[in-house]
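Following: one structure in structure tokens, then a few remarks.
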Amino acid sequence: MQLLFIHSDYIEYEAKEKTRVAEPISESKERIEEVLVVFIAVEREDEQDARYVVEKASEETISVFNKVGAERIVLYPYAHLSAELASPERSIEILSSMEENLRSRGVEVKRAPFGWYKSFTLRCKGHPLSELSRKIQGREGAGAGEVGVEKLSKALEAEEKAESHFFFLDTGNKGGLIKPEDFEFDGRENLQKFFIYESEKRRAVDKVPPHVELMKRLEIADYEPSSDPGNLRFYPKGKLIKALLEDYVRNSVAEYGAVEVETPIMYSVEHPSLKDYLERFPARQYSMAGKGGKPDLFLRFSACFGQFLMSKDMSISYKNLPLKMFELAPSFRKEKRGELVGLRRLRKFTMPDMHTLCRDMKEALVEFKKQYELCMRVLEGIGFSPRDYEVALRFTREFYDGEANKEFIEELVRIAGKPVLIERWDQRFFYFVLKFEFNFVDALEKASALSTVQIDVENAERYGIKYVDANGEEKYPIILHCSPSGAIERCMYALLERAYLDMEGGFLPQLPLWLSPTQLRMIPVAERHLEYIEELLPVLTGIRVDVDDREETVSKKIRDAGREWIPYVAVVGDKEVEKRTLSVRIRERNLSLEKKALPMDVRELKEQIEEAIKSKPFRELPFSYKLSERARFVGG
RNA sequence: GCCGCUGUGGCUUAGAGGUAGAGCGGCUGACUCGUAAUCAGCAGGUCGUGGGUUCAAAUCCCACCGGCGGCUCCA
């Protein structure tokens, strides 16, 4: 049960309109003075142990009532305090028994009608105790009788109060932070969109994001109605792209010096170090009940716990630092229903998650910069140019006030090579003092983070992660959290949205060559040309080649290849067989109008493709190279 | 989670109280085909699910489920 207490001069409310769970009422309008208003959400778990919860909640209410010296109490049902409400019938029952319980203690109590849309005004007294919130929990199992009132977590309260301010910082800009009203956006439309999105957090959009249609049509991914929303299915092409991106990120961080590990995807809710995190986002976990007295489990929302718990048990010398640990972590966040969209925001996603233990802030900053550059390289390698993303640097006021740190921030802006958005928090409300993200702005002008690095000054201590320094003393390291690419699915979203933006701009949409499921399609004019194609295939190893051997016209096959965004399409007819060449169409970004096919030698074509995809991971075609043997995964 | 919109064969959709219609895709056949949709035929639908109103419901009402958008949020 969630309770919000407001000690008020008065409350006025009026029942306006019934909802379908409305209880019958006699009075629709009330005004009550010198009152402790208790906003209440009865939660599902309360149904299990209703009497206990009513007793505890009443005790707590009386205690607050006495402390603030109110004259009467109003119980005001307020569903919005919880995401896990009890049934309306039980809620009314529980609220009524709470009303009676309080009345039996000799207090004047009024209960606002349940299940009505109500208007209300109240005046909060504003003294230190005038606003309080409490959560009442039922007893866990049979034995544990003493779980009672808990305060909301400190972090959550702090965050509500935390204020932040936006600025800009340009490359040559020694003068410090520029206020948004003094910043000239000219030519920086994307940054402007990003800023508007960040500062207003709202967009008037009534369209489905373009990538959703594309992910289906290109047989990449799709919704799975039989799972929880936000858990997608990936078709062979999507799975291939995903696996290639994963390979690429894995290789990149290995090159940077991280070791790959794997940690469990579920953890006990009882673990003391995890509790703070959990309390902060109670409704956002996938959790399951532990049977037979075992503790409940939740699915991880990142690889942090696993790697922290692993680090805690390691013996680490200062000589091992900076120590980098990496995991391609399937992660779960039960995001609110309305937040889920296509590949942009999921409940199950793959997060490349690297943590770096650093001996001190100095070393942390050195690594932070390296990782900043690593992230730029990774995005570049995937196929994003710096024009495709906007940089945000976020830090606490305290961090920025150090003169050396100011220079550090300016250096980061120079590396970005363009103005960046700054967010400065008045106080630290979470575990980091500095973070950056590279944000993609999509076709509907929504921004979402790709790469990010954060400097964590809190979790080493919380988890008991220590290293031994040169003097033999135990120290807490500073921890860097880094996702070099951001969630893999989100990269796919950004690639699709970018392709859509290209299309809007008059270009042919395309995926990067190394990620294209089919890189080269061979089209025989007639059946008799298949033999020649079969001869060529062994030459083209290391490239994903397929053959459109269906009984269709050449025009149809060309069109279908175009709809699949295939980068190289080679037609083979009598002429080619005779001259031992290929007639190749190249889908370049600027070829939307010209549709020329040029004669090319097979080896020449192979070299050209190999040159373009060298240094990138390669995987074979995930299905038959013959189109006639391939099933369709999505309709038409 | 709340509010609004939405759900018709595998896909895209027409129909807005009175016998479910089309295109794509699939299958069969013909054409062996030269750069963005060859022609003909066939199969495929308890109109998201469950209730209700009605002589009659894809169509109106309610609930639930999925999708989209907004609010909110993004460790």
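Within every chain, numbering begins at 1; the chains are lettered A, B, ... in the order of the sequence lines, protein sequences first and strands thereafter.
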Which of parallel (below 30°), tilted (30 to 60°) and perpendicular (above 60°) describes A/Phe368 and A/Tyr372? parallel
What does A/Ser448 touch in the nucleic acid at a heavy-atom separation under 4.0 angstrom: a base, only the sugar-phosphate, or nothing? nothing
5' priority, RNA chain B, between A/Ser227 and A/Arg559 [closest heavy atom]: A/Arg559
Establish, yes or no, whether the cationic atom of A/Lys118 lies under 6.0 Å from the six-membered ring centre of A/Tyr76 and within 45° of the ring axis. yes
Exactly one of A/Asp549, A/Asp546, A/Asp548 clears salt bridge (charged side-chain N to carboxylate O under 4.0 Å, His left out) with A/Arg630, and that residue is A/Asp546
Under 4.0 angstrom, heavy atoms only, what part of the nucleic acid is A/Arg528 near: base, sugar-phosphate, or nothing? sugar-phosphate
Give one of base, sugar-phosphate or nothing for A/Gly342, where a contact means two heavy atoms less than 4.0 Å apart. sugar-phosphate
With a 4.0 Å cut-off on heavy atoms, is A/Val525 in touch with a base, just the backbone sugar-phosphate, or nothing at all? base
Before giving the answer on ring-ring contact (aromatic ring centres under 6.0 Å, His included), spell out for A/Phe308 and A/His481 the whole-Å C-alpha distance, their side-chain angles and the decisive distance to 0.1 Å. CA-CA 11 Å; A/Phe308 290 170; A/His481 299 235; 5.6 Å; yes
Whether the side chain of A/Glu551 and the base of B/C33 hold a donor-acceptor pair under 3.5 Å is what I'd like checked. no
Using a 4.0 Å heavy-atom cut-off across all strands, classify A/Ser555 as base, sugar-phosphate, or nothing. sugar-phosphate
Rounded at 0.5 Å granularity, tell me how far CE in A/Met325 sits from CG in A/Asp353. 12.0 Å
Between B/C47 and B/U38, how far apart are the two P atoms, rounded to whole Å? 35 Å
Considering only the P atoms, how many Å lie between B/U49 and B/U8, rounded to the nearest integer? 10 Å
Say you pick atom C1' in B/A14 and the same atom in B/U59; how far apart are they, in whole Å? 13 Å
Tell me whether the OP1 or OP2 atom of B/G67 has a side-chain N or O from A/Arg337 closer than 4.0 Å. yes
Under 4.0 Å, counting only non-hydrogen atoms across every strand here, what does A/Lys336 touch: a base, just sugar-phosphate, or nothing? base
With the side chain of A/Arg632 defined as its heavy atoms from C-beta on, choose the nearest nucleotide among B/G26, B/U35, B/U38. B/G26
Could you check A/Phe39 against A/Phe120 for ring-ring contact (aromatic ring centres under 6.0 Å, His included), going step by step and ending with a plain yes or no? CA-CA 12 Å; A/Phe39 291 97; A/Phe120 74 84; 5.7 Å; yes
B/G9 and B/G52, which share atom name P, separated by this distance in whole Å: 24 Å
Go through B/U32, B/A75, B/G67 for me and flag the one nearest to the A/Glu527 side chain. B/U32
Of the candidate nucleotides B/G69, B/U38, B/C74, which contains the atom at the shortest distance from the side chain of A/Glu335? B/C74
C1' atom, B/G23 versus B/A37: distance in rounded Å? 12 Å
How is A/Lys216 classified with respect to the nucleic acid when contacts are heavy atoms under 4.0 Å: base, sugar-phosphate, or nothing? nothing
For the side chain of A/Val554, counting heavy atoms from C-beta on, which of B/G34, B/A36, B/U38 is nearest? B/G34
If you look at every strand shown and take non-hydrogen atoms under 4.0 Å, does A/Val341 touch a base, only sugar-phosphate, or nothing? sugar-phosphate
For B/A14, what is the paired nucleotide under Watson-Crick or G-U wobble rules, both distances under 3.5 Å? none
Determine which nucleotide pairs with B/G66, using a 3.5 Å limit on both distances of a Watson-Crick or G-U wobble pair. B/U6
Mind checking A/Tyr431 for me? I need base, sugar-phosphate or nothing, with any heavy atom below 4.0 Å counting as a touch. sugar-phosphate
Reading RNA chain B from 5' onward, which residue's closest nucleotide shows up sooner: A/Cys304 or A/Glu224? A/Glu224
What integer number of Å spans the P atoms of B/U35 and B/G26? 23 Å
Look at all strands and tell whether A/Asp560 reaches a base, only sugar-phosphate, or nothing, counting heavy atoms closer than 4.0 Å. nothing
Nearest-nucleotide pick for A/Thr553, side chain only, options being B/A36, B/U38, B/C73: B/U38
On a whole-Å scale, what distance lies between the P atoms belonging to B/G34 and B/C39? 15 Å
Of the nucleotides B/A75, B/G67, B/G34, which one has an atom closest to the side chain of A/Pro229? B/G67
List the atom of A/Trp116, the atom of A/Phe114, and the distance in Å for their closest heavy-atom pair. CD1-O, 3.1 Å
Base, sugar-phosphate alone, or nothing: which one does A/Glu437 contact when heavy atoms must sit under 4.0 Å apart? nothing
Using the C1' atom in both, what is the distance from B/G25 to B/U72, to the nearest Å? 41 Å
